[in-house]
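Comments concern the structure below.
Because the structure is a prediction, the values reported are computed rather than measured.
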Amino acid sequence: MKKIGYIFAVILMSYFILVADDGKDDVVFTGENLRYEAGTITDGKFLIDESYEKSGITAHTPPLLLNKGGYSVQIAYRSQNDGNTAHLNHNGIDLKVIPLKADENIQTAEFELPKGSQELWIKFDYCGKGELEIQSITYSCDTSFYTDIYLVLTVFILGCSLIYLLMQKDWTEESKKKKLLIGIVLFGSAIYATYPFFTNTLLHADDLSYHLLRIEGIKDALLEGQFPVVILPEALEGNGYLNSMYPSLFLYIPALLRMMGISLVTSYKSYVFLLNAATAWIMYYSVKSISNNRKAALLAAVLYTLCPYRFTNIYARGAVGEATAMTFFPLLFAGLYHTLAGKKEKWYLLAISIIGLLHSHILSVLLAGLICVIFGICYIVPVWKEKRYLEIIKAAFWVGVLDLWWLIPFLMYYLRGSLWMSSLEWSTFEEYAVNIFTLFQTMNLSDYRNYSLGLALILCVGIAIVYLIADKIKSKEDCFLLKMLLIGIFCTYLVTNYFSGWSLMGSEIVKSLLYKIQFPWRMLAISSCIFAMTGSIWIFGSGILKDYRKVICYLLVGLTLLSTLKTIDVPVYENQDDVIAQGHIQKVIGVPYTRGRNLCYPYDYRLGGSNNDSIVSEPVLSDETKIEIWDYQKDGTKAFYRYSTSSQGQYIEVPFLAYKGYVARDENGEKIKIHKESDSCNRIRIELIGDGEEHSVSISFEGYWFMTLANFISLAALVTLVAWYIIKKSKRRLV
């Protein structure tokens with residue numbers, strides 16, 4: 001009977017969830033929501049007249065991020081003169097031009113999106129005479145703007161199913177109770193770490209727009225058949241943007257959610273929750289593998305998952321790559337410990353951590369590499385005597401073959417891609433140093449960026465020092481943790497203004513390294529990880545602290561929880577250049593932007609500094625009077641057109657950034673040479689045959705043969721590894 005009642009309650013709640021679906025609601029903007037160059041807002045309406053001495057595109061709606069499907073738009077207005085128009089613009093191309101007739105007050109237009117739109121606008125073209133008043137713009141969808149409700153329903157049903165299964169188990173055994181408690185604490189830490197996103201709006205973060213566009217771009221590329229994703233096809237109004245220079249494997253997760261119709265906002269928030277959950281579990285596993293102490297592992301997981309710098313990375317900086325990399329730092333230290341001093345058969349932890357870092361954040365890989373070198377030097381003698389170099393070779397081999405699919409394009413474009421990358425070296429490192437007292441801040445009351453360790457992690461350093469003084473070094477584990485602690489303290493020193501970076505700039509190696517790191521507070525990621533691990537392990541290993549252990553643990557957790565409270569006050573996008581509203585509307589606006597088009601795509605990794613002013617959405621002809629072009633089609637990274645010309649020296653520039661890997665072919669399938677337009681535009685230029693005959697050109701991104709080979713090698717290595725693991729597991733079961 002109880003089972004039936006539980007099922008009935010789940011079904012009833014599922015119904016209420018479905019009823020609450022807001023994805024089908026209209027999206028409504030009033031005149032005051034418009035962004036405008038001339039005019040005024042009066043009583044929630046946008047008004048412009050000839051007194052402003054302005055004509056042309058004077059106002060537009062926020063850009064919408066819409067899925068594939070059928071839509072309609074209704075414009076309520078008042079116009080004194082004919083000649084005013086509304087342009088429905090999709091990714092830089094007009095889908096419809098809607099006349100705003102003087103003798104009517106409402107115009108309705110239906111349109112179909114064959115694929116998702118990153119930027120769908122209504123742009124108002126004022127004729128320069130009389131008054132034009134825009135009252136409201138209402139978008140409707142034939143089906144649903146997004147399918148978030150089905151994700152919520154799926155999570156709800158899975159959660160209810162898990163709870164039901166747990167209720168059926170016998171929890172009288174002490175070991176089972178401990179496992180349940182560990183699971184609850186880790187899950188609770190992930191939930192608490194995600195609480196700033198339990199709102200109906202998206203919080204502001206410095207780099208968030210760029211990473212949201214990367215997610216959307218990966219989705220678009222996957223839908224057009226790219227895998228792995230090298231070019232974000234709809235970026236820069238369809239000109240494309242290189243994806244290979246910034247690790248993005250884990251962003252395939254929110255991209256897949258987007259492919260299922262879930263809004264970009266919900267997809268990103270879901271990714272952050274998964275990231276928090278993974279961080280908690282990986283820290284727990286890493287510490288337990290070193291110390292074999294569940295309590296120490298659980299404490300470290302809470303301290304690290306909720307540490308101030310993780311919150312700053314996620315909610316203030318929007319540093320998605322760096323936040324993802326922090327997930328793998330605990331595993332890096334666990335892998336180094338076992339490879340160099342512990343159970344050397346666990347060398348695979350080192351390989352997994354480096355693979356994770358490689359697909360998260362390049363600068364974090366650089367820092368991890370330096371840490372590996374330091375530990376390698378420290379343990380060079382035992383590594384040689386115990387032949388642990390074989391495990392190091394195994395780790396390096398598997399990292400190489402499994403990551404070849406990403407490393408080959410990255411190195412090719414880095415070395416031969418003619419990319420703009422000088423803006424990556426604008427920081428002088430020292431100018432962003434942190435006052436040492438800032439590191440002690442627990443509640444940050446002055447700024448939503450909290451570049452501190454917090455009192456909890458500072459106390460972990462104190463615990464480590466007490467252990468070293470009173471309990472001494474007892475084992476290989478302690479010796480390794482001591483080296484970790486020293487690295488953590490040194491990294492913290494680099495963060496402070498006591499480190500004089502300028503005095504070391506005479507060395508080109510040091511100068512280059514500091515420029516690449518850019519900001520000293522990146523070191524807080526390593527320090528936070530080390531202090532959480534060493535402090536948690538040694539508090540449970542210390543004899544002198546044994547009687548105070550419980551109180552100290554409660555104090556550390558309490559201070560950590562306190563350090564995260566300020567984050568909820570992170571300012572939301574407050575003005576019309578950033579976001580327009582909360583809730584339902586926010587989910588279709590998607591990617592905030594400021595001051596012009598496509599500024600969310602940085603100049604980094606464009607070709608030779610291609611600027612925004614040079615971006616076009618249509619082909620550019622050398623001389624329109626001498627070239628006839630027809631049947632022009634462009635879809636993602638593919639384009640096709642027919643042409644004829646009787647004039648020699650003519651050309652067509654197709655709106656693609658001319659990254660290496662594009663291939664052009666004529667009507668016979670023969671390759672045509674691709675020219676790059678200039679250092680400011682860098683569009684693909686095709687020289688035309690001036691024989692007066694009809695010719696055709698098809699352009700597509702195909703990459704290179706060695707990129708395909710690298711994909712095959714990595715895939716073969718992955719299949720081999722999975723097969724070996726399954727066979728090994730099967731043999732164990734038979735035994």
Side-chain angles (χ1 to χ4, degrees), residues 21 23 65-69 113-118 143-159 190 194 197 202 208-235 240-244 246-279 281-282 314 318 320-321 323-325 327-328 352 355-356 358-361 402-403 405-406 409 586-588 590-591 600 635-637 701 711 714-715 718-719 722:
D21 182 13
L65 193 151
L66 301 179
N67 296 324
K68 174 183 176 181
L113 292 178
K115 59 182 179 180
S117 175
Q118 287 191 12
T143 53
S144 182
F145 283 101
Y146 44 82
T147 60
D148 292 14
I149 199 69
Y150 298 110
L151 176 64
V152 173
L153 183 62
T154 301
V155 171
F156 173 74
I157 292 174
L158 289 175
T194 317
F197 274 166
L202 192 61
L208 179 59
S209 295
Y210 171 56
H211 294 294
L212 290 177
L213 282 171
R214 290 175 63 211
I215 294 170
E216 191 66 14
I218 291 169
K219 180 263 294 182
D220 292 333
L222 290 174
L223 286 174
E224 79 160 16
Q226 275 194 67
F227 187 81
V229 174
V230 178
I231 301 292
L232 305 182
E234 301 301 323
Y241 184 78
L242 188 63
N243 184 57
S244 296
Y246 206 113
S248 58
L249 177 63
F250 297 109
L251 293 187
Y252 282 58
I253 297 171
L256 289 173
L257 293 177
R258 285 290 297 130
M259 291 173 70
M260 292 186 281
I262 295 165
S263 69
L264 181 59
V265 169
T266 301
S267 299
Y268 175 67
K269 289 182 178 181
S270 301
Y271 175 71
V272 170
F273 169 74
L274 293 174
L275 195 64
N276 289 330
T279 301
W281 185 84
I282 287 176
I314 296 172
V320 177
T324 304
T327 302
F328 294 97
I352 293 171
I355 289 172
L358 273 170
H359 292 291
S360 302
H361 189 236
L402 288 172
D403 274 332
W405 67 275
W406 183 81
Q586 170 232 208
K587 291 182 181 179
V588 292
V591 182
C600 296
D635 184 18
T637 56
F701 183 83
N711 294 340
S714 292
L715 180 61
L718 180 61
V719 171
V722 171

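Put simply, CG on Leu153 and CG on Asp148 are 12.5 Å apart, with the number rounded to the nearest 0.5 Å. Atom CZ of residue Phe328 and atom NE2 of residue His361 lie 14.0 Å apart, to the nearest 0.5 angstrom. For the atom pair CD (Glu224) and OG1 (Thr637), the distance works out to 3.5 Å, reported to the nearest 0.5 Å. Rounded to the nearest 0.5 angstrom, Arg258 CZ and Leu223 CG are separated by 9.5 Å. For the atom pair Leu251 CG and Leu212 CG, the distance stands at 9.5 Å (nearest 0.5 Å). We find the OG-CD1 distance between Ser244 and Ile231 to be 6.5 Å, quoted to the nearest 0.5 Å.
A donor-acceptor pair shorter than 3.5 Å cannot be found between the side chains of Gln226 and Asn243. Side-chain contact, Tyr146 with Ser267: no donor N or O sits under 3.5 Å from an acceptor N or O.
With contacts defined as side-chain heavy-atom distances shorter than 4.5 Å, the pair Leu232/Gln118 does not qualify. Looking only at side-chain heavy atoms (C-beta outward), Leu66 and Phe145 come within less than 4.5 Å of each other. Looking only at side-chain heavy atoms (C-beta outward), Ile215 and Tyr268 come within less than 4.5 Å of each other. At least one side-chain heavy atom of Thr327 sits under 4.5 Å from a side-chain heavy atom of Leu275. Contact annotation: the side chain of Thr194 never approaches that of Lys269 to less than 4.5 Å [non-hydrogen atoms, C-beta and beyond]. A 4.5 Å side-chain heavy-atom check between Asp403 and Trp405 finds at least one atom pair inside the cut-off. Using a 4.5 Å heavy-atom threshold, the side chains of Ile314 and Asn276 count as touching.
A donor-acceptor contact shorter than 3.5 Å links the side chain of Ser263 to the backbone of Thr266. Panel note: side chain Tyr252, backbone Val229; a donor-acceptor pair is recorded below 3.5 Å. A donor-acceptor pair under 3.5 Å is formed between the side chain of Thr147 and the backbone N or O of Met260.
In this structure, Glu234 pairs ionically with Lys115, as a charged nitrogen and a carboxylate oxygen lie closer than 4.0 Å.
By the 6.0 Å contact criterion, OH on Tyr150 is open, its count of non-hydrogen atoms from other residues, nucleotides or ligands being 12 or less.
Here the closest non-hydrogen pair linking Pro233 and Gly636 is CB-CA, 3.7 Å. Between Tyr210 and Tyr246, the closest heavy-atom pair is OH-CD1, 3.9 Å.
Ring pair Phe197/Phe273: centre-to-centre distance not below 6.0 Å.
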(Q) Run Leu358 and Trp406 through side-chain contact (heavy atoms from CB on, under 4.5 Å) and show every step you take. (A) CA-CA 9 Å; Leu358 273 170; Trp406 183 81; 4.2 Å; yes

